[in-house]
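Whatever order the structure lists them in is the order used to number ligands and atoms, beginning at 1.
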Amino acid sequence: MRLDRCPSLVLFLALASTLVGPAALAAGRPNILFIFSDDHAWQAISAYGEARRLIDTPHIDRLAREGVRFDRCLVTNAICGPSRATVLTGKYSHLHGFYNNTNSKFDGSQTTFPKLLQQAGYQTAVIGKWHLVTDPTGFDHWHILPGQGQYYNPVMIRDGQKVQHHGYTTDLIADFSLEWLKQRDKSRPFLLLCHHKAPHREWVPALRHLGHDHDRRYPEPPTLFDDYAQRGLAVRDQDMSLEKTFTERDAKLTPPPYLTPEQLKTWNAYYEPRNEAFRQANLQGRDLIRWRYNRFLHDYLGCVKAVDEAVGKLLKFLDDEKLTANTLVVYSSDQGFFLGEHGWFDKRWIFEESLRTPLLVRWPGVARPGTVNRNLTSLLDLAETFLEAAGLPIPADMQGRSLLPLLRGETPPDWRQSFYYHYYEYPVPHRVRPHYGVVTDRFKLVHFYKPDVDYWELYDREKDPHELRSVYDDPAYAEVVRDLRKELARLQAELKVPAEAPKEAYGRLYTRPAKGPGD
Ligand code: CA
């Protein structure tokens with residue numbers, strides 16, 4: 001329900017809050033546990049049943065079994081900060097103002113769903129990754145990593161004070177989350193944002209997960225050796241490939257600098273013999289890329305295992321405390337990730353591996369257990385979903401839509417049939433040129449428009465599921481192109497996209513121009 005459509009509800013809430021106070025107002029409302037990871041590809045969740053069967057994630061899978069699995073949850077701008085700001089505000093980058101991870105700062109004075117829940121009597125906390133530069137607002141308690149944070153022995157900021165911790169960061173974030181839940185006021189509902197740093201680059205697993213895959217050789221994606229032949233300069237000139245971009249630290253040929261001597265001993269016992277064998281083998285060409293792919297997946301999936309265990313700890317707590325029935329649990333990631341597809345790691349693109357993110361929602365009595373939803377949904381919809389779940393009005397300027405009807409298995413007849421995407425950050429890191437586009441069930445129309453390119457691409461996912469061939473210039477698609485350009489213009493008008501983004505939107509593009517392919 002939208003605020004502008006329901007003035008009487010607003011008046012009621014204002015009156016009720018004045019008369020009985022926020023605590024009484026919040027009584028009987030569901031708890032909300034939002035577990036958010038960083039760069040967790042849907043291909044690396046077993047509930048998504050990806051063909052490569054990369055990993056088992058039993059605890060995350062439980063949410064799919066007991067709730068709804070969303071198969072086409074899309075992000076608005078596939079990098080950390082912008083996506084997180086979208087979750088908080090229910091708005092695109094051009095309205096919440098966080099465009100990139102290079103020079104954007106979140107304006108914490110704007111309306112966010114945690115603030116609205118806090119005002120309505122929820123006790124609110126965010127624990128773990130924040131990555132929005134300014135201090136969190138709308139939380140009774142916050143305990144966050146500065147910037148990206150580190151995988152072991154992290155410094156964190158607890159309610160404004162720096163604290164040094166010892167241990168593995170994913171485990172610490174789960175433990176701090178449990179501690180906060182245990183000390184909460186049981187008479188009021190809670191909103192907990194448990195935000196993992198993992199499995200972000202440079203993919204550093206817990207010591208207990210070193211060797212978790214028993215030196216498995218992972219099935220390769222069909223596009224591992226993509227030659228980009230039928231796409232434009234932007235795709236050919238990126239800097240995120242296992243071939244050219246993968247560093248010694250990514251490969252764990254040098255250990256992370258923040259391990260204690262004891263941690264380093266266990267670390268080296270696993271990596272050193274394998275690294276020595278690698279050096280002896282002197283691999284070249286495709287063999288070298290294959291080695292990197294397997295090392296990358298060992299490390300990345302090792303990080304995912306700890307995240308899955310952390311999810312298990314929180315779900316067990318809800319069971320033990322008999323909170324499961326009245327707690328809305330959401331698992332998602334700030335965007336998807338390439339796990340070797342197109343020869344890449346990282347994200348950013350409108351292509352499916354990064355555009356699409358996992359979304360699993362359990363809410364007993366509301367979300368139909370074990371169902372799969374294939375509607376076009378988005379992280380843009382989460383703020384609205386949380387507000388409606390809490391019985392609160394949705395501000396009229398939020399741009400997404402509550403997922404509650406979809407959770408119940410009802411698709412509103414006017415549910416979105418197309419989705420707008422816009423990526424800005426350039427040239428560092430990874431040299432992905434700014435692009436925007438429109439996405440439907442079947443097609444993607446994309447405009448690469450800065451700084452040295454100006455061309456369109458069209459992908460037909462039905463005929464080309466791996467997005468290897470732009471058919472924009474194929475006369476057979478002329479009508480599709482015309483219709484999608486019209487739809488794109490309609491979406492841009494509806495979403496209030498300005499004709500030109502401010503220069504700051506593009507990271508270093510205007511402040512420190514690229515010198516060449518190596519920049
Ligand atoms: Ca991310």
Inset, instruction - Mark yes when over 12 heavy atoms from residues, nucleotides or ligands other than K313 sit less than 6.0 Å from its NZ; otherwise mark no. - result: yes

Inset, instruction - Please list, in chain and residue-number order, the protein N/O/S atoms closer than 3.0 Å to the Ca ion (ligand 1). - result: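 As for protein N, O or S atoms lying under 3.0 Å from the Ca ion (ligand 1), they are D38 OD1, D39 OD1, C80 SG, D334 OD1, D334 OD2, Q335 OE1.
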
Legend entry - H435-Y426 aromatic ring centre distance below 6.0 Å: no

Inset, instruction - Please report the closest heavy-atom contact between D381 and G400, naming both atoms and the distance. - result: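 That would be OD1-CA, 3.3 Å.
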
Inset, instruction - State yes or no: are the ring centers of Y436 and Y421 separated by less than 6.0 Å? - result: no

Inset, instruction - Kindly check if the number of other-residue, nucleotide or ligand heavy atoms within 6.0 Å of CZ (R442) is above 12? - result: yes

List, one per line, each side-chain donor-acceptor pair under 3.5 Å for residues 155-163, sequence neighbours excluded.
unit_1	atom_1	unit_2	atom_2	d
D159	OD1	H141	ND1	3.4
D159	OD1	W142	N	2.8
D159	OD2	H141	ND1	2.9

